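Below is one structure, written out as structure tokens; the observations come after it.
Just so it is clear, the structure is predicted and the values come from calculations on it, not from any experiment.
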Amino acid sequence: MNQKNMRAIEISQPGSPDVLRETLRSVPMITSDEVLIKVVHAGVNRPDVMQRAGLYPPPPGASDIPGLEVAGEIIALGDRCQHWKIGDKVCALVTGGGYAEYVAAHEDLCLPIPKGFSLAEAAALPETFFTVWSNIFDRGRLVFGETLLVHGGSSGIGTSAIQLASALGFDVFTTAGSNEKCEICEKLGAKKAINYKTQDFVEEIKKHTGNRGVNVILDMVAGDYLQRNIQCLADDGRIVIIAFQGGIKTNLTMTDILRRRLTITGSTLRPRSNAFKADIRNALLQNVWPLMERGLVRPLINAQFALNQADQAHALMESGKHVGKIVLDV
């Protein structure tokens, strides 16, 4: 490839969505185990918004350009790459750089486009499903016969978690901020969606589980939700925190944690090693991609924006009005 420069979106300074600006950057150089992808679509995720606000800096060595998931065509290969060829269409998890015309990706973090999926749908998969699988099944240790509560059920993470867990046979409960969003969540497979603005989700969970509680909670709220989550858990239950939209501090009563053997854990995916992420990728290929190709799991695309409208995409995400995923058309 002879082109040296590309369009990209940079964060001019920490702040509101209007700090996102289109610029020209050098096309990234790839290492021996990376591929260069000509990006067709890039997924927009909450970590991008946090990075833009100055709350989630990229790890050492990662691009400062936002964007953690893309779909497109491989146009160059590192000399040690063995699994792909030039011209392959893939989606990929990246540590940054997705909001651009080209991005470098480790070959082990690329996945084939599921049969029947558009590239826009494929761009909505990697960051979301890596996060969902790793936190619900690896860290949360959800096993058959157990139940799951997903907060933020109408988000990209939430809609994906509901579909995946229900497709695998689990009873899924969720919270969302309107009756309309709750209806969508139940159509996606939730056994019960709770409007947290008009209902007490603790009471609802107890009512719908025969007062037992759920076994695993996927929580992107934290803050004051944490104590209420404890009240929702069955004995030996696990809370997995993946974001803190409700705040980074809270007060906890420790009695239940000890008496009922509860686990509170959390994770962030971006700084983990490529080897760790590759294990998740392999699990997705084995367990999730077949469900997608059977039509049982499919990302819900709420809106698509041009690359130079990234500020509008971020504004929509921050408004909370979207249901499902937001994608950039590069």
Side-chain angles (χ1 to χ4, degrees), residues 28 33-49 51 56 58-59 62-63 65-74 83-84 88-100 102-138 155-161 163-164 242-243 267-293 297-302 304 313 317 324-330:
D33 52 8
E34 289 181 327
V35 301
L36 185 65
I37 298 172
K38 184 177 183 179
V39 179
V40 179
H41 299 281
V44 177
N45 293 283
R46 185 67 59 174
D48 306 342
V49 172
Q51 179 179 335
Y56 191 43
S63 172
I65 297 169
L68 302 177
E69 59 183 357
V70 300
E73 179 181 346
I74 293 176
H83 306 309
W84 304 101
D88 281 345
K89 304 289 198 306
V90 296
C91 57
L93 181 75
V94 294
T95 54
Y99 292 13
Y102 301 91
V103 69
H106 194 284
E107 72 157 343
D108 290 343
L109 303 185
C110 297
L111 295 122
I113 308 299
K115 294 176 184 175
F117 275 48
S118 68
L119 285 175
E121 290 174 313
L125 300 177
E127 166 68 11
T128 302
F129 279 93
F130 273 73
T131 298
V132 166
W133 184 270
S134 175
N135 287 287
I136 292 178
F137 296 102
D138 293 340
S155 66
I157 292 285
T159 54
S160 302
Q163 289 187 74
L164 177 56
I242 58 170
S267 75
T268 182
L269 181 63
R270 192 177 187 184
R272 299 301 298 268
S273 70
N274 287 331
F276 176 86
K277 296 173 187 176
D279 285 341
I280 303 172
R281 179 252 192 200
N282 293 338
L284 292 177
L285 270 179
Q286 179 178 348
N287 299 291
V288 181
W289 254 234
L291 297 175
M292 292 180 180
E293 296 186 348
V297 176
R298 199 172 196 110
L300 198 63
I301 306 293
N302 180 261
Q304 294 178 228
M317 175 160 282
K325 294 284 292 189
I326 301 169
V327 172
L328 296 180
D329 301 334
V330 181

(request) Taking the side chain as every heavy atom from C-beta outward, state whether I280 and F129 have any pair of such atoms under 4.5 Å apart. (result) no
(message) A side-chain contact here means heavy atoms from C-beta on lying under 4.5 Å apart; do V132 and I157 qualify?
(response) yes
(message) So, using salt bridge (charged side-chain N to carboxylate O under 4.0 Å, His left out) as the criterion, who are the partners of D88 when residues are at least two apart?
(response) K85
(request) Quick one: list whatever passes side chain to side chain contact (heavy atoms under 4.5 Å, CB included) with A123, sequence neighbours left out. (result) H41, A71
(request) Report yes if the side chains of K38 and V330 come closer than 4.5 Å at any heavy-atom pair, otherwise no. (result) no
(message) I'd like to check L328 versus V44 (side-chain heavy atoms, cut-off strictly below 4.5 Å). Are they in contact?
(response) yes
(request) Could you pull out the closest heavy-atom pair between V297 and L164, with the gap in Å? (result) CG2-CA, 4.1 Å
(message) A side-chain contact here means heavy atoms from C-beta on lying under 4.5 Å apart; do I242 and T131 qualify?
(response) yes
(message) Can you list everything that forms a side chain to side chain donor-acceptor pair (under 3.5 Å) with N135? Sequence neighbours excluded, please.
(response) S267
(message) Is a donor from one side chain sitting under 3.5 angstrom from an acceptor on the other, for Y99 and D48?
(response) yes
(request) Applying side chain to side chain contact (heavy atoms under 4.5 Å, CB included), name anything that partners K277, two or more places apart in sequence or on another chain. (result) L93, T95, L109, F130, L269, R272
(message) Please find the pair of heavy atoms, one from V103 and one from G98, that lie closest to each other, and give the distance.
(response) CG2-N, 4.2 Å
(request) Taking all non-hydrogen atoms of both residues into account, name the closest pair between P114 and M292 and its distance. (result) CG-SD, 3.9 Å
(message) If the condition is side chain to side chain contact (heavy atoms under 4.5 Å, CB included), which residues does A243 pass it with, not counting sequence neighbours?
(response) M220
(message) List the residues meeting salt bridge (charged side-chain N to carboxylate O under 4.0 Å, His left out) with E121, not counting sequence neighbours, and say none if there are none.
(response) R298
(request) Find out whether W84 and P112 are in side-chain contact, i.e. whether some heavy atom of one side chain is under 4.5 Å from a heavy atom of the other. (result) yes
(request) State which residues pass side chain to side chain donor-acceptor pair (under 3.5 Å) with Q304; sequence neighbours excluded, sorted by chain then number. (result) D329
(request) Output all residues satisfying side chain to side chain contact (heavy atoms under 4.5 Å, CB included) with V49, sequence neighbours left out; order by chain, then residue number. (result) R52, H314, M317, E318
(message) If I compare all heavy atoms of C110 with all of I37, which pair ends up nearest, and what's the gap?
(response) SG-CD1, 4.3 Å
(message) So does G156 get a backbone contact from the side chain of T159, meaning a donor-acceptor N/O pair under 3.5 Å?
(response) yes
(request) Find out whether C91 and E69 are in side-chain contact, i.e. whether some heavy atom of one side chain is under 4.5 Å from a heavy atom of the other. (result) no
(message) Within the 3.5 Å criterion, strictly below it, is a donor on R281 or Q286 matched to an acceptor on the partner's side chain?
(response) no
(request) Can you sort out the partners of D33 under side chain to side chain donor-acceptor pair (under 3.5 Å), two or more places apart, ordered by chain and number? (result) T31, H106
(request) Tell me, please, which residues at least two apart from E107 pass side chain to side chain donor-acceptor pair (under 3.5 Å). (result) none
(message) Could you work out, with ring-ring contact (aromatic ring centres under 6.0 Å, His included) as the rule, every residue matching W289, not counting sequence neighbours?
(response) none
(request) Quick one: closest heavy-atom pair of P290 and N287, and the distance? (result) CD-C, 4.0 Å
(message) Within the structure provided, determine whether R270 and P58 are in side-chain contact (heavy-atom separation under 4.5 Å).
(response) yes
(request) For E127, enumerate each residue passing the salt bridge (charged side-chain N to carboxylate O under 4.0 Å, His left out) test, keeping only those at least two apart in sequence or located in another chain. (result) none
